[in-house]
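Working notes, beginning with the structure itself.
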Protein chains: 2
Amino acid sequence: MTEAPPTAGRRGDDTRQAIEIAAIDLFAELGYHAASMRQIADRAGIRPAAIYHWFESKESILTRLQNDFIDQLEDAVEEAVNQADDPVGKMAAAVREHVVFHGRHTRAAFVTDSEIRALSPNSRQHLLARRDAYEAMFKQLITKGIESGDFRVSDPAVASFAILLQCTGVALWYDPEGSLSLDRIASIHVELVLGSLGVKVQT
Amino acid sequence: MTEAPPTAGRRGDDTRQAIEIAAIDLFAELGYHAASMRQIADRAGIRPAAIYHWFESKESILTRLQNDFIDQLEDAVEEAVNQADDPVGKMAAAVREHVVFHGRHTRAAFVTDSEIRALSPNSRQHLLARRDAYEAMFKQLITKGIESGDFRVSDPAVASFAILLQCTGVALWYDPEGSLSLDRIASIHVELVLGSLGVKVQT
DNA sequence: GCAATAGCCTAACGGTCGTTCATGAAGCTG
DNA sequence: CAGCTTCATGAACGACCGTTAGGCTATTGC
């Protein structure tokens, strides 16, 4: 009784993955509205109608991509944070993992961030709530660091926005072929962030 | 021989401004591709065909908005920088003006940044070149500050990306009705940036 | 007062969009 | 084998897109 392929048909759900990859790339290159179902189908190697066997609508492709990205980002950063004890270490771990994750998934990160307004009201509210929860984690890290005397900032809310924006922005310019490794870029951002939080330099 | 109105017809070029305002708002709310000429015309109080009396195409509305925004941003920041002498003062002035300008023109800033990919290749290249030149100004401010011994950063290029991203991002979340004034937000960003550049705190 | 023109209109063009429908080939199940 | 499900297809639907052609009106310059 060996593991049988769960689905029938010709390809299994490689097709689903092909659609998702095509959609990420096209949404990132052209934007959600400028990328058509026909283009997605072309790049996935199928006819447009076949997409509707795997997704109920164009928007459902987008929401799937976005929620998958946030799922994985949350998991990765939470795990990194939990492996440090003090506020400085936790913030450094969070920044490093956030940067690395955005560098490894530049297109998905970009689509998740920039196409929120393309969603219908319900999906948009849902995604914004998830994004807010993620941001709240950083804000709380800052607040804890202030209480412990490790950080010195005027406004934790503004600081968390600023930190997340600069780290998320790595997805906009990072080039795997470039001269800087992702680890190096992450280290630089940890330095910048800890500096802006008023942490004593620990060279 | 008093100054005569330069154009004839019913409204002068109030119409042109109405189209630009409608376009900024709709591009910001829905995105360039999701906003239609009919919606722009509706909001400007005219019929779609009338837009083509003032603009030769939908894309020319976008490029006009984007280039106007960069024109004014460049002027404002350059003037602010020129009124300071030392690297720390220049960077503080640049950050403050950049933040204030983005807070005062959130929608235009957002459209200029996020709809570059909607442009045809020629217009896109032109706008990217202008953006690069603007970023180079910040990078040079950092380099000068390092040479003078005022700043301490590992990588000026990455630092300038990070600084600009967090300051530009103000356009994404700033709310004029919120509890923080734009001046206050600008001051906080000056603190954060100077901190990340390793400037001694000057309370 | 008369021609020219600026400004805006209605109507329509060809094209593309997201989506649906009916159909059929291929594999699994009993 | 028969029957069901999975996966994909070609063709078409109505809606909407950016844009244009042609005409009307009011103001301007002479």
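A note on names: the letters A, B, ... follow the listed sequences, proteins ahead of strands, and every chain is numbered from 1. All values reported here derive from a predicted model rather than from experimental measurement.
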>> In this structure, how many angstroms lie between the P atom of C/dT10 and the CD1 atom of B/Ile51, rounded?
In response: 14 Å

> B/Arg131: what forms a side-chain hydrogen bond (donor to acceptor under 3.5 Å, both in side chains) with it, not counting sequence neighbours?
Replying inline: none

>> Evaluate B/Asp150 against B/Ser148 for side chain to side chain donor-acceptor pair (under 3.5 Å), listing each step before the verdict.
In response: CA-CA 6 Å; B/Asp150 289 309; B/Ser148 69; 2.7 Å; yes

> With the threshold set at 4.0 Å, does a side-chain nitrogen-carboxylate oxygen contact exist between A/Glu74 and A/Arg130?
Replying inline: yes

>> With a 4.0 Å cutoff (strictly under), does any side-chain N or O of B/His53 reach OP1 or OP2 of C/dC8?
In response: no

> How about A/His102 and A/Phe69: are their ring centres within less than 6.0 Å of each other?
Replying inline: yes

> Nearest-Å distance, CG (B/Asp42) to P (C/dC8)?
Replying inline: 15 Å

> Within the structure shown, what part of the strands sits under 4.0 Å from A/Arg47 by heavy-atom distance: base, sugar-phosphate, or nothing?
Replying inline: sugar-phosphate

> Quick one: which of D/dG10, C/dC8, D/dC7 gets closest to the side chain of A/Trp54?
Replying inline: D/dC7

> Under the side-chain hydrogen bond (donor to acceptor under 3.5 Å, both in side chains) rule, what pairs show up with a residue in residues 183-196 of chain B, not counting sequence neighbours?
Replying inline: A/Ser154-B/Glu191, B/Arg96-B/Ser187

> Is there a ring-ring contact (aromatic ring centres under 6.0 Å, His included) between A/Tyr134 and A/His98 once you walk through the steps?
Replying inline: CA-CA 11 Å; A/Tyr134 181 77; A/His98 183 97; 5.7 Å; yes

>> Output one letter per nucleotide in nucleotides 11-23 of chain C: B when a protein non-hydrogen atom lies under 4.0 Å from the base, S when only the sugar-phosphate is that close, - when neither is.
In response: -B----BBBBB--

